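Here is the structure we will look at, set down as structure tokens.
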Protein chains: 2
Amino acid sequence: MPTSSPSFRPLYLQITRLLEKSLDAGEWRPGEAMPSEIELARRYGVSQGTVRKAVAALAADNLVVRRQGKGTYVATHTEERTSMFRFLRIRRDDGRDEYPASRLLDVRRFKATADVARLLELKPGDPLVILRRMLEYSGDPVVLDEIALPAALFKGLTKSRVEAYHGSMYSFFETQFGVRMLKAQEKLKAIPADAASARILNVAPGHPLLAVERVTLTYGDRPVEWRRGLCATHHHHYLNQLG
Amino acid sequence: MPTSSPSFRPLYLQITRLLEKSLDAGEWRPGEAMPSEIELARRYGVSQGTVRKAVAALAADNLVVRRQGKGTYVATHTEERTSMFRFLRIRRDDGRDEYPASRLLDVRRFKATADVARLLELKPGDPLVILRRMLEYSGDPVVLDEIALPAALFKGLTKSRVEAYHGSMYSFFETQFGVRMLKAQEKLKAIPADAASARILNVAPGHPLLAVERVTLTYGDRPVEWRRGLCATHHHHYLNQLG
DNA sequence: CAGTGGTCTAGACCACATC
DNA sequence: ATGTGGTCTAGACCACTGG
């Protein structure tokens, strides 16, 4: 029975929140099946229909994937063939789907500047791990990424460990450090290439680049990654769907 | 009762499709209320719960807005205070919400080139109406838009008629021509400013601009607008939410 | 007050996957 | 055959809006 006001919150959303807490706590790991609807209904003492609405809300947020006949699975970055491009918006102009190769340039440690600290909800000076990497399409350099992570969440992240891993960056974070990237906010600008970036991206200094700044969130909207990509948009573009 | 296979389609989705057809045909106009769930249930001979799922699907696609206690309303671009920024992604860097002023430069007629014709599913040479306009934030020119429309759908569109209208462009299209913009696909690049655009946007020639190319769709995913915006991103950016 | 959409339940049945 | 999620129904009740 739902809590009768004030500030009414339906029962199914209360259960959504409980399930989200369990996901955050790691009660079921990414890729694993959650308990069936009937079992969850017993656990929370509600009808199967109410559990269904609760789980549907999780599925709508991509926290969970439902498979008819099989069960409900915790979403993962590891095997997502369908939504492989959910966090990768750069496409070829000719429309062909190409998944870029990632080449790691370096991994270093820094102290957070004031602005990055604010975006990651850290204190200025808190330790960061900074990765720099290239994304190459058909062997050509297209994106230069700088990725800042709170060192506290990514203990033991080294260059060789990244290079030993085969799969996407977010799959790496998820399996190796238990940090799940759920959503992100991006801000785009057009800026002139500085000398160093120009050299790496093989363009003239001052040439227009697409700058993509991203803050990535995990459960509870906690920010866990700051990223800036510089993209040479000669033969590629940033694709966005407005619903 | 749902059609029993093959290629199974649930009853509520069949009804969603019927409602969508009615919306397309203009059975209820934007801003108007649709019939109540109970009435729709009678009309289609299904339960209220099934109608509810059908309408929920429309609401998820932003075709319709549900208001508890009042009814279900056909979505409109005219009064959307909440989702005013659904099709306008340019924001101020300082985070303040500002709705830009629109200044119309000219309205002209052209014949469609091969590429625009393909994007708008027209034949090359079909007549187009082309609007050019500026978006100004706090009096400063920020975006230079070029908007191409199939002349067949926008008969009688003139400069003075646009200028006489108060409201957004899509509100204008909706109320004056019955063309409803529902979703869009955008491609972004960073390009150097050409001489003419540079002058209008008050930047140096060659300065990086954010180029935003948009194809906008109406019911049935029919393309009805092609648009290219050039954005000076000194104090503004393109904001995107990755779900 | 009556009418709307929103929640919750219980039960029947369907589609799909696996054994 | 069994278990999963997905659909559909019918009915009761709740929250909100407006006259």
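Treat the numbers as computed from the prediction; the structure is a model and nothing was measured. In what follows, every chain begins at residue 1, and chains take the letters A, B, ... in the order their sequences are listed.
Taking for each of A/Arg52 and A/Ser47 the nucleotide of DNA chain C with the nearest heavy atom, the 5'-most of the two is the partner of A/Ser47.
Residues from residues 27-44 of chain B placing a heavy atom under 4.0 Å of any atom in DNA chain D do not occur. Residues of residues 56-73 of chain B that place a heavy atom closer than 4.0 Å to DNA chain D, in numerical order, are B/Gln68, B/Gly69, B/Lys70.
Atom P of nucleotide C/dT7 and atom CD1 of A/Ile15 are separated by 13 Å, given to the nearest angstrom. Between the P atom of C/dA15 and the OH atom of B/Tyr12 lies a distance of 14 Å, rounded to the nearest Å. With rounding to whole Å, B/Phe8 atom CZ is found 7 Å from D/dT7 atom P. Between the CD atom of B/Gln48 and the P atom of C/dG6 there is a distance of 10 Å, rounded to whole Å.
Considering only residues two or more places apart in sequence or on other chains, B/Tyr99 meets the ring-ring contact (aromatic ring centres under 6.0 Å, His included) condition with none of them. Scored by the side chain to side chain donor-acceptor pair (under 3.5 Å) test, B/Asp145 finds B/Arg133 as partners (sequence neighbours excluded). Among residues two or more places apart in sequence or in another chain, the salt bridge (Lys or Arg N to Asp or Glu O under 4.0 Å) test is passed with A/Asp221 by A/Lys183. Residues satisfying the salt bridge (Lys or Arg N to Asp or Glu O under 4.0 Å) test with B/Glu98, not counting sequence neighbours, are B/Arg92. Checked against ring-ring contact (aromatic ring centres under 6.0 Å, His included), B/Tyr137 has the following partners two or more places apart in sequence or in another chain: B/His236.
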For residues 52-72 of chain A, please give each side-chain donor-acceptor pair under 3.5 Å, one per line with the distance, not counting sequence neighbours.
unit_1, atom_1, unit_2, atom_2, d
A/Arg52, NH1, A/Glu37, OE2, 3.4
A/Arg52, NH2, A/Glu37, OE1, 3.1
A/Arg66, NH2, A/Glu37, OE2, 2.3

With a cut-off of 3.5 Å and sequence neighbours excluded, list every side-chain donor-acceptor pair involving residues 39-46 of chain B.
unit_1, atom_1, unit_2, atom_2, d
B/Arg43, NH1, B/Glu27, OE2, 3.3
B/Arg43, NH2, B/Glu27, OE2, 3.4

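Close to D/dT7, at under 4.0 Å from its OP1 or OP2, lies a side-chain N or O of B/Lys53.
Classification of B/Arg103 and B/Glu136 as a salt-bridged pair holds, one side-chain N sitting under 4.0 Å from a carboxylate O.
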